[in-house]
Amino acid sequence: MTALDEIATGDGAPLFNFGDWREVPAVADQGQLTKPTMTGVSAGRYSIGSHASVIEGGAQMILVSSLQAKGSLRAEISGERFETNIRSGSLSFIPSLTRQHYRYDGSTTSLFVCIDQPLIDRVAASDPRFEGARGLEPRIGFHNAAFQRAVEELFQVMTAADLGWRTLTEAITLRIAYEVLVAFGHASRDDGPPPLAAAELDQVVAFIEAELDRNFTVGEMAELLDRDPFGFIRSFKATTGESPHQFVIQRRLSRAQHLLAQTDDTLADIAFATGFASQSHMTATFTRLVGMPPGKWRRRN
């Protein structure tokens, strides 16, 4: 029985073919497949039981994180054989352009992230330690808390689609690409990126303040300084101590506090003016970071 022939990105383009799935008791969350928010990244979730499959690997690297799993896996990936138990928290990394044979006995609910090889190449080109990015090695059934958190975070951000999700999606994707190159490309970590010059930081902050009411991306900020997005994120954090996304959220909150204190605008109007997706999104973010809802904060100030 073929329960699921392929998983697709949000625009309907096939992500990868799963081949012949057998003995599948249920396939859940078929709607939880995200549309691309930047060139070269997709994410999704699936549940599946015992199966055998052959996958002709496309031009994406795949990182799979098992949320709930209990089973045994035998696999052959580009001629290399693997045999391991898959449990909750297990991860598997599949480089692009690899032919894969699988036999899985058990059940699993997993998240996956697919990143196009050209995006990996862009990150690799930003650092000479990453020469030969296409030599990445597959890894099956390993554990890495940082990878697991990043995959879960990316899936949550892409499915929530709050305003600002594009910026955060790009940041997480580029971080995953960097960590993949370090972990599977045998590159050593460096001592850290150079910080932004004062004039560069002023230029970026001015852009953020001017565009705060819309959903701009990390790529747009990086273009201001003629930098690649990954290098920009690292330099920005080295300079400010915050990621671009964290910095932008703080700026949104600061402007919201100013409007709450200095105007009689409604909460909905303030949310719109400060770039939040909705009044409820502003209220949730404000409460989490300030410690009280914006209405209560306004009455106290």
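Counting from 1, the numbers follow the sequence of the chain as shown.
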**Study point:** Leu174 side chain reached by Leu119 side chain, heavy atoms, under 4.5 Å
**Key:** yes
Check your understanding: Does Glu220 reach the main-chain N or O of Thr217 with its side chain, forming a donor-acceptor pair under 3.5 Å?
Key -> yes
Review point. Distance under 6.0 Å and angle within 45° of the ring axis: does Arg227 meet both against Phe236?
Key: no
Check your understanding: Pro244 and Phe232: which non-hydrogen atoms are nearest, and at how many Å?
Key -> CG-CE2, 4.0 Å
Review point. Is the number of heavy atoms from other residues, nucleotides or ligands under 6.0 Å of Gln250 CD greater than 12?
Key: yes
Practice item. Given side-chain contact (heavy atoms from CB on, under 4.5 Å), test Gln117 with Leu97 step by step and report yes or no. Key: CA-CA 9 Å; Gln117 185 63 47; Leu97 305 175; over 6 Å; no
Practice item. Working to the nearest 0.5 Å, report the span between CG of Leu289 and CZ of Arg252. Key: 12.5 Å
Review point. Where do Ile176 and Val151 come nearest, in terms of heavy atoms and distance?
Key: CD1-N, 4.4 Å
Exercise for review: Keeping the roles fixed (side chain from Arg255, backbone from Glu209), state whether a donor-acceptor pair exists under 3.5 Å.
Suggested key: yes
Check your understanding: With side chains defined as the heavy atoms from C-beta onward, is the minimum distance between Val204 and Phe247 less than 4.5 Å?
Key -> no
Check your understanding: Between Tyr178 (side chain) and Leu181 (backbone), is there a donor-acceptor pair under 3.5 Å?
Key -> no
**Study point:** Side-chain (Ser50) to main-chain (Gly106) donor-acceptor, under 3.5 angstrom
**Key:** yes
Review point. Under 4.5 Å between side-chain heavy atoms, hopping through other hydrophobics if needed: is there a path connecting Leu201 to Ile208?
Key: yes
Exercise for review: To the nearest 0.5 angstrom, please state how far the CD atom of Glu152 sits from the CZ atom of Arg149.
Suggested key: 9.5 Å
Point to revise | Worked verdict on Gln100 versus Ile140 for side-chain contact (heavy atoms from CB on, under 4.5 Å) | key: CA-CA 12 Å; Gln100 307 144 50; Ile140 303 296; over 6 Å; no
Point to revise | Side chain proximity check, Val290 to Gln257, heavy atoms < 4.5 angstrom | key: yes
Check your understanding: Under 3.5 Å, is there a donor-acceptor pair between the side chain of Ser90 and the main chain of Arg87?
Key -> yes
Check your understanding: When rounded to the nearest 0.5 angstrom, what is the spacing between CG in Leu63 and CG in Asn144?
Key -> 9.0 Å
Point to revise | Neighbour count above 12 (heavy atom, 6.0 Å) for Phe82 CZ | key: yes
**Study point:** Spatial distance of atom NE2 (His245) from atom CD1 (Ile233) [nearest 0.5 Å]
**Key:** 11.5 Å
Review point. Once you round to the nearest 0.5 Å, how far does CD1 of Ile94 lie from CG of Leu136?
Key: 11.5 Å
Point to revise | Met221 side chain near Glu170 side chain, heavy-atom distance below 4.5 Å | key: no
Point to revise | Side chain proximity check, Arg45 to Leu67, heavy atoms < 4.5 angstrom | key: yes
Study note, to complete from the structure: Heavy atoms of Ile86 and Gly141 approach each other most closely as CD1-CA, 4.1 Å
Study note, to complete from the structure: So CD1 of Ile62 and CD1 of Ile55: to nearest 0.5 Å the spacing works out to 6.5 Å
Practice item. Search all heavy atoms of Ser96 against all heavy atoms of Ala59 and return the closest pair with its distance. Key: CB-C, 3.8 Å
Check your understanding: Under 4.5 Å between any side-chain heavy atoms of Thr240 and Gln246, yes or no?
Key -> no
Check your understanding: Asn301 versus Leu260: any side-chain heavy-atom pair under 4.5 Å?
Key -> no
**Study point:** Heavy-atom pair with the smallest gap, counting every atom of Ser88 and His143
**Key:** O-CE1, 4.2 Å
Review point. Same cluster or not: are Trp297 and Leu267 linked, directly or through other Ile, Leu, Val, Met, Phe, Trp or Tyr residues, by side-chain heavy atoms under 4.5 angstrom apart?
Key: yes
Check your understanding: Between Ala150 and Ile172, which heavy-atom pair has the shortest distance, and what is it?
Key -> O-CG2, 3.7 Å
Review point. Does a side-chain heavy-atom distance below 4.5 Å link Leu253 with Thr274?
Key: no
Practice item. Kindly assign one of parallel, tilted or perpendicular to the pair Phe147 and Phe142, based on the angle between their ring planes and the thresholds 30° and 60°. Key: perpendicular
Review point. What about the rings of Phe286 and Phe276, do their centers lie closer together than 6.0 Å?
Key: no
Review point. Is any side-chain N of the basic residue among Glu76 and Arg81 closer than 4.0 Å to the acidic one's carboxylate O?
Key: yes
